[in-house]
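Here the structure comes first, spelled out in structure tokens, and everything after it is commentary.
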There are 2 protein chains.
Amino acid sequence: MTSALDFSTDNCQVARTMAILGERSTVVVLREVFNGVRRFDDMQRHSGVPRQVLSNRLAMLVDEGILRRVPYRPEGGRERHEYRPTAKGLDLYPVLTALAEWGARYVADPEGPAVEMRHRDCGEPVHVALECGAGHRLDDPREVVPAPGPGAIAVR
Amino acid sequence: MTSALDFSTDNCQVARTMAILGERSTVVVLREVFNGVRRFDDMQRHSGVPRQVLSNRLAMLVDEGILRRVPYRPEGGRERHEYRPTAKGLDLYPVLTALAEWGARYVADPEGPAVEMRHRDCGEPVHVALECGAGHRLDDPREVVPAPGPGAIAVR
DNA sequence: GTGGCTGAGTCTGTCAAACAGACCTAGGAT
DNA sequence: ATCCTAGGTCTGTTTGACAGACTCAGCCAC
């Protein structure tokens, strides 16, 4: 019987992803950027993340290639920078959507969730669906089973 | 023009969810449990999470109703407990799957991801798809736009 | 030009959390 | 009686979060 214990976790991509997103307020910063709040002070005021931490997180996210600093010049002002998601950052939308959906079910206020993802083209709420390579739709999460991937490293 | 800045972030369900999952090694612990590693020492050895932190995380996850402690008795041993996901925990599978999928693309070793989600019934890899309430499939994350939900609280 | 305002940070000190490693405990096996 | 094992707890050190003050560059009004 093969067990997860037979494989190393050193190169687990989930752990690596969480090493980025798991720093306490990283996802909050991403939520701001995805919500269109892209300037330092706006983010700071809106999210309440301490300036130092916000500064660190933005630098880290730029470093990881998830955000990029884009210069702009407000009329009659000097040059500023704003933070926008890159393609790599936009690919986190399924993660954010899954988090928002779980949160809406389990931790939202009784009035409902504070934020909803919607389809740009039709305005309907977006949700995440699990599908397999054979085209089956997985309605019950119990149908998902983790398995070692091609990069799995055997131990012992 | 309505902006995200017009709404409070106090009751954001994404922030609340990350208050649970964003503690540094919480998701790693969940990955272990979902991988079938359910006993304290196995998790500790396999994941490398410090015992103290593992202990805290498990207690927190049980407290949040994401895991439950299930007693069992190994033959000729005393009663022990293992940690299993509840329904609330299993509903995090889309989140884990989205993380694994993003990680596989962006942070995995060149040989491939260390872990893959598969369909229990057919063995094919599972991935997350974004769908809207009108049945459209969103192939480009740019089609997703966050909007204030029913629980959104206006400020200013 | 001097002084003030604004956006985007950095600096400093305090306090909580992560971490490594040793220690503890209950029950079964020898 | 002692050892072993699973599942923890205790202690001390180091890292990170946090609040609040400070900085700095450029524009603007006087």
Side-chain angles (χ1 to χ4, degrees), chain A residues 3-5 9-10 15-16 18-33 36-64 67-84 156, chain B residues 3 5 9-10 15-16 18-30 32-33 36-64 67-84 156:
Chain A
S3 152
L5 287 172
T9 54
D10 292 356
R16 287 185 186 169
M18 288 311 293
I20 299 172
L21 301 186
E23 302 267 355
R24 190 180 303 295
S25 34
T26 305
V27 173
V28 171
V29 173
L30 283 177
R31 177 202 63 193
E32 294 295 322
V33 173
V37 179
R38 292 178 174 165
R39 303 182 184 180
F40 191 92
D41 273 26
D42 284 343
M43 286 191 225
Q44 204 279 311
R45 271 191 297 272
H46 193 235
S47 69
V49 173
R51 303 179 74 79
Q52 181 97 268
V53 176
L54 179 57
S55 183
N56 290 348
R57 288 303 163 275
L58 287 170
M60 184 271 287
L61 287 168
V62 168
D63 215 59
E64 292 288 340
L67 299 182
R68 60 188 216 278
R69 291 180 94 217
V70 179
Y72 71 97
R73 177 178 292 274
E75 61 277 38
R78 68 168 165 163
E79 189 180 70
R80 299 284 179 192
H81 295 269
E82 62 180 14
Y83 295 89
R84 293 172 171 273
R156 294 192 306 184
Chain B
S3 153
L5 287 172
T9 53
D10 291 356
R16 287 184 187 170
M18 288 311 293
I20 300 172
L21 301 185
E23 302 267 354
R24 188 179 305 295
S25 35
T26 305
V27 172
V28 171
V29 173
L30 283 177
E32 294 295 321
V33 173
V37 179
R38 293 180 172 163
R39 302 184 186 179
F40 191 92
D41 272 27
D42 285 343
M43 286 191 225
Q44 205 279 312
R45 271 190 298 272
H46 193 235
S47 68
V49 173
R51 303 178 75 78
Q52 181 97 270
V53 177
L54 179 57
S55 184
N56 289 350
R57 289 302 164 275
L58 287 169
M60 184 270 288
L61 287 168
V62 168
D63 215 59
E64 292 287 341
L67 299 181
R68 60 189 215 279
R69 291 180 95 216
V70 179
Y72 70 97
R73 176 177 292 274
E75 62 278 38
R78 69 169 163 158
E79 189 182 68
R80 299 282 179 192
H81 295 269
E82 61 179 15
Y83 295 88
R84 293 172 171 272
R156 293 191 308 184

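So you know, we letter chains A, B, ... as the sequences are listed, proteins then strands, and number each from 1.
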- Item | Between C:dA18 (C1') and B:Gln44 (CD): distance, integer Å | 14 Å

- Note on the structure: Nearest heavy-atom contact between A:Pro50 and A:Gln44 is CA-NE2, 4.2 Å

- Among A:Arg80, A:His81, A:Arg39, side-chain hydrogen bond (donor to acceptor under 3.5 Å, both in side chains) partner for A:Tyr72: A:Arg39

- Message: Can you see if the side chain of B:Tyr72 gets near the phosphate of D:dA6 - specifically, an N or O under 4.0 Å from OP1 or OP2?
- Response: no

- Query: Out of D:dC27, C:dG7, D:dG7, which has the shortest distance to the side chain of A:Arg73?
  - Reply: D:dC27

- Separation of C:dG7 P from A:Glu79 CD (nearest whole Å): 16 Å

- Message: Quick check on D:dC27: is either OP1 or OP2 less than 4.0 Å from any side-chain nitrogen or oxygen of A:Arg80?
- Response: no

- Note on the structure: note: A:His81, atom NE2; C:dT6, atom C1'; distance rounded to Å ~ 16 Å

- Item | Residue-phosphate contact under 4.0 Å: B:Arg57 side-chain N/O, C:dA18 OP1/OP2 | yes

- Do A:Arg84 and A:Glu82 meet the salt-bridge criterion of a basic N to acidic O distance under 4.0 Å? yes

- Relative to the 5' end of DNA chain D, which residue comes earlier, B:Arg39 or A:Val53, by the nucleotide with the nearest heavy atom? B:Arg39

- Message: If I take atom CG in residue A:Leu54 and atom P in nucleotide C:dG9, what distance separates them, rounded to the nearest angstrom?
- Response: 8 Å

- Query: Can you tell me how far C1' of D:dC18 sits from CG of A:Asn56, to the nearest Å?
  - Reply: 12 Å

- State which of C:dG9, C:dA18, D:dA6 makes the closest approach to the side chain of B:Glu23. C:dA18

- Item | Gap between atoms CG and C1', on A:Leu67 and C:dA8 respectively (whole Å) | 16 Å

- Message: Measuring from the side chain of B:Arg78 (C-beta onward, heavy atoms only), which nucleotide among D:dA19, D:dA6, C:dG9 has the closest atom?
- Response: D:dA6

- Is a donor-acceptor contact shorter than 3.5 angstrom present between the side chain of B:Arg51 and the base of D:dG7? yes

- Examine D:dA17: is either OP1 or OP2 under 4.0 Å from a nitrogen or oxygen in the side chain of A:Ser25? Give yes or no. no

- Correct closest heavy-atom pair for B:Val49 and B:Leu54 would be CG1-N, 3.7 Å

- Query: So what does A:Arg69 touch, heavy atoms closer than 4.0 Å: a base, only the sugar-phosphate, or nothing?
  - Reply: sugar-phosphate

- Message: Could you tell me how far apart A:Gln52 (CD) and C:dT14 (C1') are, to the nearest whole angstrom?
- Response: 14 Å

- Nearest whole angstrom, please: distance from the C1' of C:dA17 to the CE of B:Met60. 13 Å

- Message: At less than 4.0 Å, is any side-chain N or O atom of A:Tyr83 found next to OP1 or OP2 of C:dG9? Yes or no.
- Response: yes

- Message: Taking the side chain as everything from C-beta on, heavy atoms only, tell me whether A:Met43 gets closer than 4.5 Å to A:Leu58.
- Response: yes

- Item | Under-4.0 Å side-chain N/O to phosphate OP1/OP2 contact, A:Ser55 with C:dT10 | yes

